[in-house]
Each structure stands twice: as C-alpha cells, then as structure tokens.
2 protein chains.
Amino acid sequence: MKISSKGENALRALIVLGQHQGNVMTIEEISKRTLVTDNYLEKILLQLKKLDFVTSKRGIGGGYLLRKKPSEINIGEVVRQLEGPLSPMGCASVTKYEPCELEPGCQLKPLWSLVRDTIALVLEHTTLEDLLENRVSSLKGEDFVVFKK
Amino acid sequence: MKISSKGENALRALIVLGQHQGNVMTIEEISKRTLVTDNYLEKILLQLKKLDFVTSKRGIGGGYLLRKKPSEINIGEVVRQLEGPLSPMGCASVTKYEPCELEPGCQLKPLWSLVRDTIALVLEHTTLEDLLENRVSSLKGEDFVVFKK
DNA sequence: TCTAAAGTCGACTAAATCAGTCAACTTTTA
DNA sequence: TAAAAGTTGACTGATTTAGTCGACTTTAGA
C-alpha cells in the first residue's frame, strides 16, 4: 500500500510551488526545499507539466510555476496520474478496472472496493490548498469516524 | 497504493481454508480454488504457517488448515504481515515509523496519516469471518461516510 | 550577436522487488 | 516400504524504480 518516491516528491514540489505562487522557481530552488536531487526533480516536473499541473519558462529568469490555483489541484488526481489507480487491486479500480477470474462471487472484491473508496474519499476531497493551509485533520484521537448510514 | 499478488493470494488461500474448516486441504486443492500455481502457493502457505495463521500436517492425508477461528483472524494483521505497514509512507506508519528529513512542519505527513488511519480503520475492523459471510459493505451509494466529529 | 542560465529530451543503468520455478529432502500413513 | 504430502533453499526472469548523464534548445541581457 505504498506511495512511491515519485508521487511523494511530486507533491512536495507542488507544495513548494504553491508557497511561492506568482514567482517562477528554478529546479535548483525547488530541489533545495524538497531535498530531491535536481536530476530527478527535472523528470518529475516535466511529467507534472505534461499533466498540466505546472507550467514553465525557459532561459534566464526561467523556471516552474503552478498552472492552476491550489484550490483547483486535486490531490487524488495528482496521485492517480503519477502512481496509477487509487485502488489496491485492479478488480476494484474505478478508473482502470481489470476483470479477475474469480469474479463474480469473489469474497475479497468488496473489501478492496471499500478500501479504494475510503482512500478516494480522503484524497479526492483534498486540494493543494488544503495542504498549504494545513487543513488536513488527523484521525488520531478519533476526530473522524467511518460509519454506515 | 497496490496490494501485491502475494497478499491477495494469501487472503484467497485463507478464505478457501475458511470455507473448509475442520478439513485439511492439500496445496493442490487450494491451488484449484484460488487459481494460484501450487509452486507459488507453497511459498505463501509456508509464510502463513510461520505467522501462525495456518497449520499443516505432513504425509499422506496431510495438508493445511486454519490455526485460528476465522473471527480471530484480523485482515489488517494479515495484510501488514505479508505486505508491510499499512501506511503509504514510513513517516505515517504506526507499526514501523521511519523519520523523514522534512519533519516537523511537513505539510504532507498529516495527509499520509489520515490515509493510513482510514485504511487501518477498514482493514483492522474486518476479520476472515466477515469476508466468509460477505459482511463487508461497499461504500458505493454512499452507505458510508467519513466525517469529523 | 554572443553568452550564460535555464528548461527539454532521450538513452542508459544499477538496484530492488516480485513472481514464479525447480529439485532435493523429510515426514507420515497405509 | 512406497507413495503422498509438506519443507527447504537455490535459482531465474521480468518489471519497476530511482535515478544519472550528456547533448540540445530557448531566452534574456550585456
């Protein structure tokens, strides 16, 4: 159930860019603040650019900046684009469903669907703005519960 | 955010063993019902045995069977033992915390913690018995919600 | 118009993990 | 004592991951 370093580092970069909205930042500057090597960051930023989350300016004084407002950048979508489907198994994926030989009647699929849906619930309701403003609340202390209506 | 085939196949095996409680099942029989090759199942069952979820009997008439009652087999624990921590990132892991250079003040960690906690909430509240009796309810149709108290 | 600063692109690699195979071995029962 | 079954360890092939490297293009400003 892991997030790879690519996804993690992409989110780090978006956060740093969000903290400097309006200003372009060079790969080197982003690298300093995210602690990701610039060679690797370059790859990730290029991918974020292709996905239209960021844009860039070449030449002297160039660099990267956010393409959309932080409130319009959905974390679920970022994770999905960089890491693949949110579902732990293809059979429970909404965006990239893969049939399984054990369907129907599989007693595992409902579990994977539930896991997928709760992950999606959290990630798709979080925007970059939420992260920037520390609006993600912890479940610790049972502030949150999942319950059946 | 994937479950590997090892975790999936281990759960399949446990389900099949749960459906035949009291009877030993050979690797070959389990293989037929889970659609996992017996060479690979052998590896997985051995691991499940070391973890004390199943037990085995050698020789003619031998095979595998559950070691505990299905109601005592916690799916979160099975997944954790076979796949590693439930948390998507080490910094948010409860059972295997790994420090990160960006702590404290990291704006991502609360998100990973929330994801970990919701995954744990689902998986740790599910037992093998729940799976066998199809007691895992789907989030579809918004039967469930996550909310802040 | 030249130069240095920046992003862009493609090829390559080293390590890790995963999924799976195989052969030899031990235990047990009939 | 033979056959059925689990046990063990070594091995392999494919894939993914996390980078590295070098050559190239674009741009601003002196």
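Protein chains get the first letters and strands the later ones, always in sequence-line order, with residue 1 at the start of each.
If you take CD of Glu83(B) and P of dT17(C), they are 13 Å apart, rounded to a whole angstrom. Here the C1' atom of nucleotide dA14(C) and the CG atom of Asn39(A) are 15 Å apart, to the nearest Å. Between Tyr64(A) atom OH and dA6(C) atom C1' there is a gap of 10 Å when expressed in whole angstrom units. Across the protein-nucleic acid pair, Lys6(B) atom NZ and dG20(C) atom P stand 12 Å apart, rounded to whole Å. Distance CD1 (Ile27(B)) to P (dG20(C)): 15 Å, rounded to an integer number of Å. Between the P atom of dA6(C) and the CG atom of Leu41(A) lies a distance of 15 Å, rounded to the nearest Å. Distance OH (Tyr40(A)) to P (dT13(C)): 19 Å, rounded to an integer number of Å. For the pair Gln47(B) CD and dG9(D) C1', the computed distance is 15 Å after rounding to whole Å.
With respect to Glu101(A) and Lys109(A), no salt bridge is recorded, no charged nitrogen being found less than 4.0 Å from a carboxylate O. Look at Glu129(A) and Lys69(A) and you find no salt bridge, because none of the NZ, NE, NH1 or NH2 atoms lies under 4.0 Å from a carboxylate O. Glu83(A) has no carboxylate O lying under 4.0 Å from a charged side-chain N of Lys2(B), or vice versa, which leaves the two without a salt bridge. Salt bridge annotation for Glu29(B)-Arg33(B): absent, with no cationic side-chain nitrogen under 4.0 angstrom from a carboxylate oxygen.
Using a 4.0 Å heavy-atom criterion, one finds that Leu45(B) contacts no nucleic acid atom at all. Note on Lys43(A): a base of the nucleic acid sits closer than 4.0 angstrom, heavy atoms only. Backbone-only contact: Lys57(A) has heavy atoms under 4.0 Å from sugar-phosphate atoms and none from a base.
Taking the side chain of Thr37(B) as heavy atoms from C-beta on, and the options dG20(C), dA19(C), dA5(C), the nearest nucleotide is dG20(C). For Lys49(A), the listed nucleotide lying nearest its side chain is dT8(C); candidates were dT27(C), dA6(C), dT8(C). Comparing dG20(C), dG19(D), dT7(D) against the side chain of Arg58(B) picks out dT7(D) as the nearest.
Side-chain N or O atoms of Arg67(A) include none that pairs as donor or acceptor with a backbone N or O of Asp52(A) at under 3.5 Å.
OP1 or OP2 of dT8(C) lies within a sub-4.0 Å distance of a side-chain N or O belonging to Ser56(A). Distances shorter than 4.0 Å separate some side-chain N or O of Ser4(A) from OP1 or OP2 on dA18(D). One finds a side-chain N or O of Ser5(B) lying less than 4.0 angstrom from the OP1 or OP2 phosphate oxygen of dA19(C).
Residue order along DNA chain D, read from the 5' end via each residue's closest nucleotide, puts Gly62(B) first among Gly62(B) and Asp38(A). Where Gly59(A) and Glu42(A) each meet DNA chain C at their nearest nucleotide, the meeting point lying more 5' is that of Gly59(A).
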